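Written below as structure tokens is the structure these notes are about.
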Amino acid sequence: GRYQIALYDLASDSVKWLTDGQGEKELPDWSADGDTFSYVTSHGPECFLTVDSISGKGKQDYQIEPGVVYMPTFTPNGKQIVFVFDSPRHPDDLWIFSLEDETFTQLTNSLPEEIDPAKLVMPRHITYPGLDGAEIPALLYQPSGQHKPGPAVIDVHGGPNWLSMITWNPFIQHMVSRGWVVLSPNYRGSTGYGKAWQLASRFDLGGVDTQDIVAGANFLEDEAIAIPDKIAVTGRSWGGYLTMTCLTQYPTRWAAGSASVPFLNWFTSHENSREDLQHWDRENFGDPEKDYDLWYQRSPYFFLDCIVAPVQLLCGENDVRCPASESHQAAEELTKLGKEVDYILFEGEGHALLKVETQVEAKSKRVEFMAKILEKGLEE
């Protein structure tokens, strides 16, 4: 039920498993000595650099601080490992690890001098009760010195087979700097917690994952972390889709919702997708004809009339994964229904919003939209 690393011998056509136990093991690299190898071990959102050996000399996990390790690669002499590391206090940079004295050295520094890393907030890896009692893992960011409930945002990751990690995220840091609490749930369907958790939303997409996000908002209220009527939800791609299912299925829970490059209609999204994505739909959500009722019920487009909170829809003109036409149609329908909607189209952009200036503008627009609602009426 976990990602593990194996050695395949071409001569004997045999497989030898090199790792086992807890944690996901990925991205292996082999030293020139033919015995030592390294890989990334992750426990949910937290990563370690692991050094191991074929001969079984033992393995050791190393960490700079909670964060994410990418692509560990041995130097030609096998004495060092170069990798990319980032955390909420450090953007992506090259680091090097010495096997001889077990020390880390930072090779590049991408953080502007005017930014004090000590003022950037590290999250807590927590769990909270789901609507059905299951323990939902999440990352909780709280403003320094917070002593009373404040505005809050549920930040929903995309995928859905992905997860919120302890990583560099200026969007979250900016929201926290405004005094907002940010909760990033690793709802059912997320990776990083084993195969069973990753498949827990299969054939229930837009259902149990939506409930896990709503339970996160309930948790913030119950623990007096957030002001009950000042909780917004936002996400991009699949996170945008879940933002819309939250707004349509639990309309009175939210103060606002901002959906970036979402899809809203399972039928048209499936029809317009690449063949491999259509295969994923059928594998994880059934057939659009045989399972018509399920696909209909989980398509927010058909339930826009239920929405109470102000909605923001951001999309890319050339997005082939989540076509802008779906957001455009939804915005027109919401306007007809008398709902408050902010529709933004980024011309020439696709699903990923590749231009740096577009990325900055999109995140700025999302914050501005939510700030008008979350900060309204609060004392200075």
Side-chain angles (χ1 to χ4, degrees), residues 154-160 187 189 201 203-214 232-251 253-254 256-274 277-278 280-282 284-289 291-346 349-353 362 365-366 369-370:
I154 309 295
D155 181 59
V156 187
H157 72 74
Y187 51 82
S201 63
F203 304 113
D204 195 13
L205 299 172
V208 70
D209 41 8
T210 301
Q211 295 165 19
D212 290 348
I213 296 163
V214 171
V233 59
T234 187
R236 71 177 315 277
S237 192
W238 187 271
Y241 163 70
L242 290 180
T243 295
M244 297 305 294
T245 61
C246 284
L247 293 173
T248 53
Q249 294 180 28
Y250 296 86
R253 171 70 275 184
W254 310 103
S258 173
S260 180
V261 294
F263 76 94
L264 295 94
N265 184 327
W266 270 100
F267 300 100
T268 55
S269 175
H270 178 77
E271 183 179 345
N272 295 326
S273 290
R274 301 192 311 259
L277 295 175
Q278 289 180 338
W280 189 92
D281 291 346
R282 290 189 293 268
N284 292 276
F285 204 47
D287 181 87
E289 295 183 3
D291 301 292
Y292 177 89
D293 289 344
L294 177 62
W295 284 46
Y296 182 89
Q297 290 295 327
R298 301 298 167 78
S299 296
Y301 179 76
F302 301 117
F303 302 95
L304 296 175
D305 60 313
C306 297
I307 291 178
V308 174
V311 185
Q312 184 182 54
L313 295 165
L314 305 95
C315 50
E317 180 185 23
N318 301 324
D319 191 339
V320 294
R321 175 167 289 189
C322 298
S325 57
E326 293 201 7
S327 291
H328 180 73
Q329 291 169 7
E332 288 188 333
E333 184 63 24
L334 286 165
T335 301
K336 291 178 183 177
L337 292 167
K339 312 290 185 180
E340 185 177 343
V341 58
D342 180 30
Y343 171 70
I344 301 172
L345 176 69
F346 295 106
E349 285 284 8
H351 189 67
L353 304 181
K365 293 290 187 184
R366 290 165 71 184
F369 173 79
M370 291 186 288

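Quick caveat: nothing in here was measured; it's all calculated off a predicted structure. All values below come from the heavy atoms of this structure, side chains included, with hydrogens, waters and symmetry mates left out. Throughout, residue positions are numbered sequentially from 1 according to the sequence presented.
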Residues which pass side chain to side chain donor-acceptor pair (under 3.5 Å) with Asn272, listed by chain and number, not counting sequence neighbours: none

Are Tyr187 and Leu242 side-chain neighbours, meaning at least one heavy-atom pair lies under 4.5 Å? yes

Distance in Å, Glu333 CD paired with Ile307 CD1, rounded so as to fall on 0.5 Å steps: 10.5 Å

Pair Tyr343, Thr335 - check side chain to side chain contact (heavy atoms under 4.5 Å, CB included), show working. CA-CA 10 Å; Tyr343 171 70; Thr335 301; over 6 Å; no

Working to the nearest 0.5 Å, report the span between CD of Gln312 and OG of Ser260. 8.5 Å

Just how far is it from atom CZ of Arg236 to atom CG of Leu314, taken to the nearest 0.5 Å? 10.0 Å

For residues 320-328, tabulate all N or O donor-acceptor pairs below 3.5 Å that involve a side-chain atom, not counting sequence neighbours.
residue	atom	partner	partner atom	Å
Glu326	OE1	Leu264	N	2.6
Glu326	OE1	Asn265	N	3.1
Glu326	OE2	Thr268	OG1	2.7
Glu326	OE2	Ser269	N	3.3
His328	NE2	Glu332	OE2	3.2

Is it true that the side chains of Thr234 and Arg366 contain a donor and an acceptor less than 3.5 Å apart? yes

Going by side-chain hydrogen bond (donor to acceptor under 3.5 Å, both in side chains), name the pairs with one or both residues in residues 295-308, residues two or more places apart or in two chains. Asp204-Arg298

Pair Phe302, Trp266 - check side chain to side chain contact (heavy atoms under 4.5 Å, CB included), show working. CA-CA 10 Å; Phe302 301 117; Trp266 270 100; over 6 Å; no

With a 4.5 Å limit on heavy-atom distance, are the side chains of Ser237 and His351 in contact? yes

Evaluate side chain to side chain contact (heavy atoms under 4.5 Å, CB included) for Lys339 paired with Val341, printing each intermediate quantity in order. CA-CA 6 Å; Lys339 312 290 185 180; Val341 58; 5.6 Å; no

Ile213 versus Tyr250: any side-chain heavy-atom pair under 4.5 Å? no

For Ser201 and Gly189, which heavy atoms make the closest approach, and how far apart are they? OG-CA, 3.5 Å

Closest approach of Leu345 to Gly316 (non-hydrogen atoms, all atoms of both residues): CD1-C, 4.1 Å

State, with a plain yes or no, whether a side-chain heavy atom of Pro310 is found less than 4.5 Å away from one of Phe369. yes

Write down the atom of Thr245, the atom of Pro300, and the distance for their closest heavy-atom approach. CG2-CG, 3.6 Å

Polar side-chain atom of Asp209 near backbone of Gly207 as donor-acceptor pair, under 3.5 Å: yes

Do Phe285 and Leu294 touch side chain to side chain, with heavy atoms closer than 4.5 Å? yes

Is a side-chain N or O of Thr243 found less than 3.5 angstrom from the main chain of Gly235, in a donor-acceptor match? yes

Which pair of heavy atoms, one from Phe203 and one from Gly286, lies closest together, and at what distance? CE2-N, 3.5 Å

Which heavy atom of Gln249 sits nearest a heavy atom of Thr210, and at what distance? OE1-CG2, 3.8 Å

Evaluate Leu247 against Phe303 for side chain to side chain contact (heavy atoms under 4.5 Å, CB included), listing each step before the verdict. CA-CA 9 Å; Leu247 293 173; Phe303 302 95; over 6 Å; no

Taking all atoms of both residues into account, what is the closest heavy-atom pair of Asp287 and Glu289, and its distance? OD2-N, 2.8 Å

So, Lys365 side chain and Ile344 main chain: donor-acceptor pair closer than 3.5 Å or not? no

